[in-house]
Amino acid sequence: QLQASGGGLVQAGGSLRLSCAASGRTLSTYAMGWFRQAAGKEREFAARISRSGGQTYYADSVKGRFTISRDNAKNTVYLQMNSLKPEDTAVYYCAADVRGVYSRRQIDYEYWGQGTLVTVSS
């Protein structure tokens with residue numbers, strides 16, 4: 001099971017850090033990703049990180065503002081979100097890429113967390 005947490009209400013320009021913890025699984029064996037889904041829109045890719053944490057990749061919409069990281073000793077993946085904008089409002093999901101495809105496609109992620117809501121007010 002993946003458990004995403006850390007969402008909440010923040011003003012535009014503010015910051016939040018999301019966490020994704022695992023129970024019953026060792027996240028260090030998976031590449032990981034964060035996706036988000038705004039109301040009325042399809043879920044979209046936000047960021048991904050390799051198993052070791054040495055490689056990261058971001059959607060253009062979050063590049064330079066969001067940072068994905070991981071602490072394999074704590075079995076946790078993070079998404080640091082800075083300079084938040086109202087358009088970042090969404091439910092954020094963490095997901096595990098078991099096969100190590102390292103892609104931005106949702107179909108390549110086998111395990112998903114339940115989502116945490118981020119609301120950015122203007």
Side-chain angles (χ1 to χ4, degrees):
Q1 294 280 24
L2 301 179
Q3 181 77 30
S5 62
L9 175 63
V10 64
Q11 288 188 332
S15 299
L16 281 175
R17 188 176 79 157
L18 306 183
S19 298
C20 176
S23 59
R25 301 190 186 277
T26 303
L27 288 188
S28 61
T29 62
Y30 307 147
M32 296 292 295
W34 285 96
F35 292 77
R36 64 185 186 181
Q37 186 170 21
K41 295 187 177 181
E42 294 186 352
R43 189 160 58 186
E44 64 177 13
F45 168 81
R48 66 174 188 247
I49 189 167
S50 62
R51 291 167 176 152
S52 68
Q55 289 181 290
T56 57
Y57 183 80
Y58 300 92
D60 287 343
S61 57
V62 307
K63 192 178 300 181
R65 301 186 298 120
F66 290 10
T67 301
I68 187 171
S69 63
R70 66 192 306 158
D71 185 338
N72 286 338
K74 294 184 178 179
N75 214 30
T76 303
V77 176
Y78 304 99
L79 186 67
Q80 177 68 43
M81 305 185 296
N82 298 329
S83 302
L84 283 162
K85 305 175 181 179
E87 51 263 43
D88 294 317
T89 295
V91 177
Y92 284 72
Y93 300 88
C94 60
D97 169 13
V98 175
R99 293 173 294 138
V101 176
Y102 198 54
S103 85
R104 58 188 297 155
R105 301 188 311 164
Q106 297 180 53
I107 194 173
D108 290 321
Y109 291 79
E110 287 84 356
Y111 303 127
W112 292 79
Q114 86 292 355
T116 184
L117 177 62
V118 172
T119 304
V120 184
S121 63
S122 58

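Hydrogens, waters and symmetry mates play no part in the numbers below; they use all other heavy atoms, side chains included. In this text, all values refer to a predicted model and were calculated from it rather than measured experimentally.
- By the side chain to side chain contact (heavy atoms under 4.5 Å, CB included) test, Glu87 pairs with Lys85, sequence neighbours left out.
- Judged by distance alone, with hydrogens and angles left aside, the side-chain atoms of Thr116 form a donor-acceptor pair with the main-chain N or O of Gly7 at under 3.5 Å.
- Ion pair Glu44/Arg104 not flagged as a salt bridge, since none of the NZ, NE, NH1 or NH2 atoms sits closer than 4.0 Å to an Asp/Glu carboxylate oxygen.
- Applying the under-4.5 Å side-chain rule to Ile, Leu, Val, Met, Phe, Trp and Tyr, the cluster around Trp112 extends to Phe35, Phe45, Tyr57, Val91, Tyr93, Tyr102, Tyr109, Leu117.
- In plain terms, the two heavy atoms of Ala38 and Ala90 that are nearest each other are N-CB, 3.7 Å.
- Note on Arg65 versus Asp88: salt bridge recorded, some NZ/NE/NH1/NH2 to OD/OE distance being below 4.0 Å.
- Side-chain atoms of Asn72 and Ser28 form no donor-acceptor pair, as typed in the model, at a separation below 3.5 Å.
- Looking at residues two or more places apart in sequence or on another chain, you find a side chain to side chain contact (heavy atoms under 4.5 Å, CB included) between Gln3 and Gln114.
- Arg48 meets the side chain to side chain donor-acceptor pair (under 3.5 Å) test with no other residue; sequence neighbours excluded.
- The distance from the CZ atom of Arg105 to the CG atom of Asp97 is 10.5 Å, given to the nearest 0.5 Å.
- With hydrogens and angles ignored, the 3.5 Å screen pairs a side-chain donor or acceptor of Ser50 with a backbone N or O of Gln55.
- Through direct or indirect side-chain contacts shorter than 4.5 Å among Ile, Leu, Val, Met, Phe, Trp and Tyr, Val62 is connected to Leu2, Val10, Leu16, Leu18, Leu27, Tyr30, Met32, Trp34, Ile49, Tyr58, Phe66, Ile68, Val77, Leu79, Met81, Leu84, Tyr92, Val98, Tyr111, Val118, Val120.
- Evaluation of the side chain to side chain contact (heavy atoms under 4.5 Å, CB included) rule for Gln80 yields Ser15, Arg17, Thr67, Asn82 as partners, not counting sequence neighbours.
- You'll find the side chain of Arg36 stays beyond 4.5 Å of the side chain of Arg43, heavy atoms only.
- Taking all atoms of both residues into account, the shortest heavy-atom contact from Ser103 to Asp108 is OG-OD2, 2.6 Å.
- More than 12 heavy atoms of other shown residues, nucleotides or ligands fall within 6.0 angstrom of atom CD in Gln37.
- For Lys74, the NZ atom sits in a loose shell: 12 or fewer heavy atoms of surrounding residues, nucleotides or ligands are nearer than 6.0 Å.
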